[in-house]
Each structure stands twice: as structure tokens, then as C-alpha cells.
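Worksheet for the structure shown next.
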2 protein chains.
Amino acid sequence: MEGAGETYTITDLSRAFGVTARTLRFYEAEGLLHPVRRGRTRLYSRADRARLAWVLRGRAVGFSLAEIRELLDLYAPGEARRPQLEAALAKTVERLAALRAQRDAIDATVTELEQFAATLRSRLEGDA
Amino acid sequence: MEGAGETYTITDLSRAFGVTARTLRFYEAEGLLHPVRRGRTRLYSRADRARLAWVLRGRAVGFSLAEIRELLDLYAPGEARRPQLEAALAKTVERLAALRAQRDAIDATVTELEQFAATLRSRLEGDA
DNA sequence: GCTGTTGTTGACGCGAACGTAAAGGTCATA
DNA sequence: TATGACCTTTACGTTCGCGTCAACAACAGC
């Protein structure tokens with residue numbers, strides 16, 4: 001019974017998520033992560049791990065780091081007054097709409113690529 | 001009965017698609033569009049229009065311009081020999097897999113954001 | 001004590017996707 | 001003819017998301 005849950009070094013996390021240490025330091029500089037320090041070295045908590053997972057998924061779906069930071073800040077209100085809750089809800093709804101639109105665009109592209117693949121296959125067969 | 005179908009000026013197209021003329025010239029320099037010239041000024045055909053639509057949708061779903069150019073080139077084979085058809089098919093299948101993965105990531109994020117929105121709403125209601 | 005591994009903070013570099021002048025051609029219209 | 005609208009090329013500037021040294025500290029093992 002030492003402290004409060006596991007901690008991770010920067011290489012632990014970088015390996016676990018397939019990013020470089022540089023990336024993690026950059027994310028910290030951009031306000032996306034806030035690891036504590038033991039001396040000078042960074043110690044990442046499980047909360048930091050979860051935040052990182054969020055960051056990477058956000059990035060994968062096309063959010064900019066600035067947008068991701070916004071969303072993360074909405075997630076960690078601390079003390080949340082009504083107008084801020086409303087603002088958070090509004091922004092969240094906004095993001096949802098954008099994400100759904102993006103998914104629709106992807107679906108449309110997938111459909112077209114599937115058709116293209118089908119014509120390619122038929123041309124290959126007819127050539128056999 | 002003049003020529004072969006409508007043509008568009010650079011501002012026609014930029015307005016129609018909500019991009020700047022600079023963007024269209026840039027896409028041409030990158031080999032994504034190939035408008036003909038009347039004198040020095042660019043004339044875009046309906047085929048160019050369709051290509052542009054493809055480019056913008058590709059960009060919206062996260063493709064780089066280089067990837068988009070690849071796909072466009074696959075679409076316009078001219079004379080297609082078997083190994084090139086096979087290569088085109090392979091790349092297309094690859095893109096499809098990537099797109100489906102991205103869509104899944106988006107779905108997961110949408111789900112989480114919906115839950116977050118729900119908790120925000122309940123906190124706002126309980127506060128009423 | 002030396003080497004190696006892992007960590008740190010700058011600071012400069014880079015590719016992608018354009019933005020933004022700068023300097024000028026062409027055409028219509030007043 | 002000159003004023004403006006629209007087009008051109010050339011070329012440097014900018015933002016984002018890191019990569020890549022450089023120079024140093026801290027600790028482990030031989």
C-alpha cells in the first residue's frame with residue numbers, strides 16, 4: 001500500500017500507445033496532459049492514461065489538438081456552474097453533429113469505393 | 001451548339017464548392033485537377049467538377065492530397081493491364097479497411113459524447 | 001570511475017495545405 | 001482612356017503536429 005494506484009513513466013505510456021515520448025511531452029506543452037513530477041521526471045497516473053486514450057481517439061477521428069483540449073476541459077469541470085454546463089452541452093452537441101456528418105461522408109465514400117472495387121473485380125474476371 | 005458541355009471559370013468553381021481560387025490552383029499544381037486553358041485562363045469541364053467533388057470529399061474523410069491523387073489516377077486508367085488492375089484493387093481494398101476503421105472510431109466517440117451530453121442534461125435538469 | 005539507459009529542457013527543422021502579397025495581363029463598361 | 005473585375009504566375013509566409021539534434025542530469029551495473 002504505497003500511493004494512489006499505478007503510475008507510468010513516459011516510455012511506458014509511449015510504448016503502450018505506440019506514440020513517441022516527444023509526442024507526450026508535446027501534448028503536455030499543449031495542455032492535453034498534466035503528469036505530476038517526481039523530481040523532474042514525469043509520472044503518469046491512470047487518469048492521464050485515460051486522457052491520452054481520449055486524445056488519440058480524438059486525433060484519429062479528425063479533431064485538432066486544440067479541439068481535443070476543449071473537450072477534455074469540458075470533461076473536467078471541477079466546480080460546474082449552470083452557464084458553463086450549458087456551454088459544455090452546446091459544444092458537445094455541436095461536435096456530435098460534425099462527427100455524424102463526417103461518418104455520413106465516410107459511408108458515401110465507402111459505397112463508391114465498393115462499387116469501384118466491384119468493377120475492378122469484374123474486369124479481372126472477364127479477363128481470366 | 002458550341003463546344004462539349006458547360007465549362008466553369010475558377011471563381012465559378014470556387015464559389016460552388018466553397019473553396020478559394022488559390023486552392024484550385026494548388027490542386028492543379030499537385031496534379032489533382034487538369035483544367036484546359038483558353039489563352040492563359042483555366043477552363044474547368046464537368047469532369048473537372050466531378051473530380052473536385054471527389055477531392056473535397058476525400059479530404060473531408062481524412063485522405064491526404066497525395067492519397068486522393070492516387071485514387072483519382074486509379075479511376076482514370078486509360079488502358080489498364082492486368083497487374084495494374086490488381087494493384088488498383090489492392091489499394092482500394094486497403095482504403096476501404098481504413099475508412100471502416102475510422103468510421104468505427106467515430107461511432108465509439110459518438111457514443112461517448114452522447115453519454116456525456118446525457119449526464120450534462122440530467123445535471124441541468126436536477127438543478128432546475 | 002566509466003558506460004549505458006532513461007530521463008530532462010530548449011531550439012531548430014519539416015511536410016502538408018494552403019494564405020497572402022506582388023506585379024502584371026485582358027476585357028467590359030463608363 | 002481609365003477604372004474595375006477577373007484572371008495569371010512567382011514566391012515567400014503560416015499553422016499544425018510532431019521529428020531531430022544538442023547538451024545535460026540521474027541512476028544502474030560492471
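Worth saying up front: this structure is predicted, and the values here are computed from it rather than measured.
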Heavy atoms from C-beta onward define the side chain here; which of [options] lies closest to that of [X]?
X       : options               : answer
B/Arg25 : D/dT9, C/dG7, C/dT6   : D/dT9
B/Tyr27 : C/dT6, D/dG19, C/dC18 : C/dC18
A/Arg40 : C/dT9, D/dT20, C/dT6  : C/dT9
A/Ile10 : C/dC18, C/dT8, D/dT8  : C/dT8

Which whole-number value in Å describes the distance from [X] [atom1] to [N] [atom2]?
X       : N      : atom1 : atom2 : result
B/Leu32 : C/dC18 : CG    : P     : 10 Å
A/Phe26 : C/dG13 : CZ    : C1'   : 14 Å
B/Glu28 : C/dA17 : CD    : C1'   : 16 Å
A/Leu24 : C/dT6  : CG    : C1'   : 14 Å
B/Glu30 : C/dG19 : CD    : P     : 14 Å
B/Glu67 : C/dG15 : CD    : P     : 17 Å
B/Arg69 : C/dG15 : CZ    : C1'   : 13 Å
A/Arg22 : D/dC16 : CZ    : P     : 15 Å

Between B/Thr20 and B/Thr23, a side-chain donor and acceptor under 3.5 Å: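 Short answer, yes.
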
Can you check whether [X] has a side-chain N or O nearer than 4.0 Å to OP1 or OP2 of [N]?
X       : N      : value
B/Thr23 : C/dG19 : yes
A/Thr20 : D/dC18 : no
B/Thr41 : D/dC6  : no
A/Arg42 : C/dT8  : yes
B/Arg59 : C/dC18 : yes

Pairwise side-chain contact, B/Arg37 with B/Arg42, heavy-atom cut-off 4.5 Å (strictly under):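 Yes. Closest side-chain heavy atoms under 4.5 Å.
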
Any A/Arg95 side-chain heavy atom under 4.5 Å of B/Phe116 side chain: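 SC-SC contact between A/Arg95 and B/Phe116 ruled out.
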
Sugar-phosphate only, base, or nothing, as touched by A/Arg37 at under 4.0 Å among non-hydrogen atoms: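 The answer is sugar-phosphate, as A/Arg37 gets under 4.0 Å only of primed atoms, P, OP1 or OP2.
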
A/Leu72 reachable from A/Val36 in the ILVMFWY side-chain graph, under 4.5 Å edges: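 The answer is no; the residues belong to distinct hydrophobic clusters.
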
Qualifying residue, where the test is side-chain contact (heavy atoms from CB on, under 4.5 Å) with A/Phe17 and the options are A/Asp12, A/Val55, A/Leu56: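 Answer after filtering A/Asp12, A/Val55, A/Leu56: A/Leu56.
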
